[in-house]
*Asks:* 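There's a structure below that I have some questions on.
Sequence positions, counted from 1, serve as the residue numbers for this chain. Note: hydrogens, waters and symmetry copies are ignored here, and every other heavy atom, side chains too, is used.
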Amino acid sequence: MAPTEGLVMALYGPWGSGKSTVVNFVVHAIEALPESDRPVVLNFNPWWFGGHEDLIRRFFDQLMITLKKRGVVTERVRRAMANLADIVAQVPLTEVSAGARIFSRIARPKARDVVELRRSVENALRDQPRKILVILDDIDRLSTEETREVFRLVKSVANFPNVVYFLAFDKNVAIQAVGSVQGVTGEEYLEKIIQVPFELPLPDKSALRKLFFERLNMILASTPDGAFDQTYWQNVYMEGVDHFITSPRDVARLSNTLSVTYPAVQGEVNAVDFIAVETLRVFTSELYQVIRQNPESFAGASSGGFGADANVDRLRSFHDAWLENVDAKDRVALKAVARRIFPRLEAVWSNTYYGSESLGRWRKELRVCSPDIFPTLFRLAVPEGGISNTEMGAILTSTKDASEFSEALLELSASRRPDGTTRLATFLERMEDYTRDDIQLEQVSPIMSALFDVGDELLRADPGRPGMFGFGLDTRMGRIVHQLIRRVASEHVRFEILIDAIQTGRALTFSVHEIIVLGQEHGRHSERNPSPEEQRIVSEQHLNDLEALCLNKIRSSAKDGTLIEAPELSMVLFLWGGWSDFDEPRQWVEEICKDDHNLLNILSAFVGVSFRHTLGDVSESTHYSFNLEALTRLIDPATVVERVSELARRPDLPVEQERATKAFLRAVERGDGDDEDDSD
């Protein structure tokens with residue numbers, strides 16, 4: 001459709017709306033034409049050439065290279081173009097023959113006949129049979145000066161015959177760039193150059209969604225169906241993500257990002273949350289950084305009722321502040337998606353509260369609102385020492401076999417986190433997320449067998465106390481035992497599972513600990529009222545049988561010499577005395593303490609630890625005490641004071657035993673049955 005005197009066409013569209021794609025379609029269609037009908041195409045992208053001072057020269061360079069390759073013009077025409085280019089651009093031409101450059105320098109008059117030069121070029125182009133299509137894309141990527149230079153170029157050579165110029169750019173950007181040129185507005189200036197303008201149609205929203213969803217299907221192809229909540233996805237997408245998908249480029253930006261980042265955390269994060277968070281990273285990086293740097297203000301639960309979320313006023317101020325700082329056109333969508341993926345914000349902007357009971361479900365669903373999962377989405381990796389969802393699944397699968405599960409637990413207890421604790425506590429906490437529904441009833445018995453077999457080894461591997469507000473391993477393991485055993489409907493079957501696990505297992509301290517908890521439901525070992533009979537895990541008779549079994553395990557352990565190595569030995573000794581009489585443990589302690597090493601172990605067993613956090617302290621402090629009164633029920637302290645004094649002077653004592661000897665001697669000296677050491 002190129003007329004004899006040339007034509008300038010333009011395709012208008014905002015940045016990222018698909019102008020380059022349309023240009024590619026045009027080129028593809030032209031290349032499909034028969035050779036005789038195919039025009040010569042010069043795809044000149046001004047963005048490739050930095051510096052506006054040589055833009056026109058570069059254009060003539062590329063034009064002559066293209067025409068020479070296609071055999072369209074003669075050497076004489078190229079000389080005429082070189083001379084014309086010198087007039088327009090004042091930069092030496094590079095892509096002409098040496099003879100043409102010499103000729104140009106020799107023949108360059110002081111006052112050239114520009115009209116004659118143009119006429120010779122125009123005649124040559126008019127006489128040749130091929131049409132020429134010059135494509136200029138990405139004009140809206142240029143600086144203001146470079147944009148002006150492009151339009152100066154087009155204006156200078158726009159009326160070459162048999163040449164069509166096809167420009168693609170954002171009209172508003174171009175109007176601002178050219179500003180007021182030659183006494184006219186930017187829009188009037190463009191109208192003088194552009195003869196045939198086209199507005200790129202706005203993309204169909206349904207088509208954009210279809211394109212985006214097709215790409216997501218490929219990225220998430222290996223994500224199990226059960227791990228993707230379709231209803232949750234529809235809410236998150238329509239309320240937030242969809243707002244940012246306004247052009248094909250938006251689809252490309254987000255889908256390309258997800259194709260790189262999602263495989264790194266697949267199976268470790270909730271796919272819907274990950275898409276939402278990556279949408280924020282791509283389109284609103286400022287808010288993304290706010291969330292990333294303030295997890296305590298987004299992740300976690302709120303509490304309802306009196307004093308609900310004591311920090312709600314502070315949180316409201318914080319969240320209102322970032323919402324005020326985002327682009328006004330994005331506020332509704334950003335607020336909606338933030339409330340969806342971080343339920344805690346419901347307490348800020350409405351009157352809905354999510355308590356701590358939701359944390360386990362969120363963690364199990366790999367939601368970003370879980371404090372345990374939050375770091376994975378923002379680090380694109382499971383934190384060092386954490387339990388990946390893949391690993392979690394593998395270990396839970398091993399619960400079908402007691403020996404395999406025992407081995408897995410021991411491996412976790414041998415693996416340390418950066419803070420020095422074992423990974424076992426992390427696993428046990430996450431395991432509670434699965435005890436209600438996911439673990440099958442047939443898995444309960446092997447899990448019990450494993451815990452009652454290696455429980456003491458696990459306690460020895462991580463003997464440190466959890467801190468003032470934490471839970472010890474014995475408590476975490478006990479919670480799993482009770483959560484699972486309560487799912488067994490028959491009291492008799494519950495008793496059979498427990499008695500088999502205790503009878504065949506090697507763990508003495510853990511068994512005693514669990515029997516104490518069972519006894520508390522009956523009002524034993526506790527000042528609280530007994531639980532209603534229908535809520536007790538075992539009957540009173542079966543509890544008596546379990547206590548008798550544990551008493552026999554203690555006696556057997558005392559006989560074979562392994563009792564001295566039992567974790568929480570003082571507790572075991574007192575239960576021994578409570579289930580029989582104190583003569584038995586007293587005789588054993590008096591005999592065993594004839595050995596210095598055993599004496600030190602007994603003393604260490606009566607050192608207690610507590611944690612305090614007083615006004616003005618940044619962190620809690622650790623305090624050690626010696627329970628002399630309890631020890632006196634098992635041995636007369638006076639009979640060992642002299643030996644302990646000698647042992648305390650030994651330079652090779654381990655820290656725990658050194659602390660125990662000093663605490664014992666101070667308690668004896670004070671004579672009040674208790675001593676407290678604030679050394680730590």
*Asks:* So that I can tick it off, tell me whether Glu391 and Arg430 are bridged by a salt bridge, with the cut-off set at under 4.0 angstrom between side-chain N and carboxylate O.
*Replies:* no

*Asks:* About how many Å separate CG of Leu575 and CD1 of Ile554, when rounded to the nearest 0.5 Å?
*Replies:* 6.0 Å

*Asks:* Around atom CD of Gln535, are there more than 12 heavy atoms from other residues, nucleotides or ligands closer than 6.0 Å?
*Replies:* yes

*Asks:* Sorted by first residue and then second, give each side-chain hydrogen bond (donor to acceptor under 3.5 Å, both in side chains) pair with at least one member in residues 364-373; sequence neighbours left out.
*Replies:* Tyr232-Arg367, Asp273-Arg367, Arg363-Asp372, Lys364-Asp438

*Asks:* Quick check: closest heavy atoms across Arg344 and Leu315, and the distance to 0.1 Å?
*Replies:* NH2-CD1, 3.5 Å

*Asks:* Leu498 and side chain to side chain contact (heavy atoms under 4.5 Å, CB included): which single residue from Leu518, Ile515, Leu549 fits?
*Replies:* Leu518

*Asks:* Hey, is the main chain of Val236 close enough, under 3.5 Å, to the side chain of Arg340 for a donor-acceptor pair?
*Replies:* no

*Asks:* Taking NZ, NE, NH1 and NH2 as the nitrogens, is one of them in Glu565 or Arg460 under 4.0 Å from a carboxylate oxygen of the other?
*Replies:* no

*Asks:* Please examine the side chains of Tyr434 and Thr399, heavy atoms only from C-beta on, and report whether any two atoms are closer than 4.5 Å.
*Replies:* no

*Asks:* Looking only at atom types and distance, does a side-chain atom of Ser415 sit under 3.5 Å from a main-chain N or O of Glu411, one as donor and one as acceptor?
*Replies:* no

*Asks:* Grab the two heavy atoms, one from Ile537 and one from Glu521, that are nearest each other, plus how far apart they are.
*Replies:* N-OE1, 2.9 Å

*Asks:* Do the side chain of Arg416 and the main chain of Arg423 share a donor and acceptor less than 3.5 angstrom apart?
*Replies:* no

*Asks:* Please report the interatomic distance CH2(Trp362) to CD(Glu357), rounded to the nearest 0.5 Å.
*Replies:* 8.5 Å

*Asks:* Locate the shortest heavy-atom distance separating Glu404 from Ser398; write the atom from each residue and the value.
*Replies:* CB-O, 3.9 Å

*Asks:* Does a salt bridge link Glu384 with Arg379, judged by any charged N lying under 4.0 Å from a carboxylate O?
*Replies:* no

*Asks:* Tell me whether Asp313 is salt-bridged to Arg316, with the criterion being a basic N under 4.0 Å from an acidic carboxylate O.
*Replies:* yes

*Asks:* Restricting to pairs with a member in residues 499-510, which pass side-chain hydrogen bond (donor to acceptor under 3.5 Å, both in side chains), not counting sequence neighbours?
*Replies:* Asp453-Arg506, Glu457-Arg506

*Asks:* Could you tell me the separation between the CZ atom of Phe427 and the CD1 atom of Ile387, rounded to the nearest 0.5 Å?
*Replies:* 7.5 Å

*Asks:* For the side chain of Arg487 and the backbone of Ile439, is there at least one donor-acceptor N/O pair under 3.5 Å apart?
*Replies:* yes

*Asks:* How many angstroms lie between atom CE of Met477 and atom CZ of Phe510, to the nearest 0.5 angstrom?
*Replies:* 5.0 Å

*Asks:* Would you check if the side chain of Ser317 reaches a backbone N or O of Arg314 as a donor-acceptor pair within less than 3.5 Å?
*Replies:* no

*Asks:* Does any donor atom in the side chain of Ser413 or Thr422 lie under 3.5 Å from an acceptor atom in the other side chain?
*Replies:* no

*Asks:* Kindly give the heavy-atom pair with the smallest separation between Leu603 and Phe626, and that separation in Å.
*Replies:* O-CE1, 3.3 Å

*Asks:* Mind checking the CG-CD spacing from Asp456 to Glu568? Nearest 0.5 Å is all I need.
*Replies:* 9.0 Å

*Asks:* Specify whether Trp349 and His319 have parallel, tilted or perpendicular ring planes, treating 30° as the upper limit for parallel and 60° as the lower limit for perpendicular.
*Replies:* perpendicular

*Asks:* Taking atom types as modelled and ignoring hydrogens, do the side chains of Glu491 and His542 form a donor-acceptor contact shorter than 3.5 angstrom?
*Replies:* yes

*Asks:* Does this structure show an ion pair linking Glu591 with Lys594, if we count only N-O contacts that are shorter than 4.0 Å?
*Replies:* yes

*Asks:* Working to the nearest 0.5 angstrom, can you tell me the gap between Asn598 CG and Leu563 CG?
*Replies:* 10.5 Å

*Asks:* Using a cut-off of 6.0 Å, state whether more than 12 heavy atoms not belonging to Glu442 lie near its atom CD.
*Replies:* yes

*Asks:* Answer yes or no: is there an ion pair linking Glu658 with Lys662, defined by an N-O contact shorter than 4.0 Å?
*Replies:* yes

*Asks:* Under the 3.5 angstrom rule, does the side chain of Lys553 hit a backbone N or O of Ile502 as a donor-acceptor pair?
*Replies:* yes

*Asks:* Is a side-chain donor-acceptor pair under 3.5 Å present for Gln587 with Asp583?
*Replies:* no

*Asks:* Counting only N and O atoms by type, is there a donor-acceptor contact under 3.5 Å from the side chain of Arg586 to the main-chain atoms of Arg633?
*Replies:* yes

*Asks:* If you take all heavy atoms of Ala276 and Ile341, which pair is closest and at what distance?
*Replies:* CB-CG2, 4.0 Å

*Asks:* Under 3.5 Å, side chain of Asn627 to main-chain N/O of Phe606, donor-acceptor pair present?
*Replies:* no

*Asks:* Taking atom NE2 as the centre, does His525 end up with more than 12 heavy-atom neighbours from other residues, nucleotides or ligands that are less than 6.0 angstrom away?
*Replies:* yes

*Asks:* With the side chain counted from C-beta on, respond yes when Leu366 and Phe274 share a heavy-atom pair under 4.5 Å apart, and no when they do not.
*Replies:* no

*Asks:* Looking at Tyr354, is its backbone amide N or carbonyl O close enough to the side chain of Ser302 to form a donor-acceptor pair, meaning the two atoms are under 3.5 Å apart?
*Replies:* yes

*Asks:* Say whether, by atom type as modelled, one donor and one acceptor occur between the side chain of Arg536 and the main chain of Ser531 under 3.5 angstrom.
*Replies:* yes

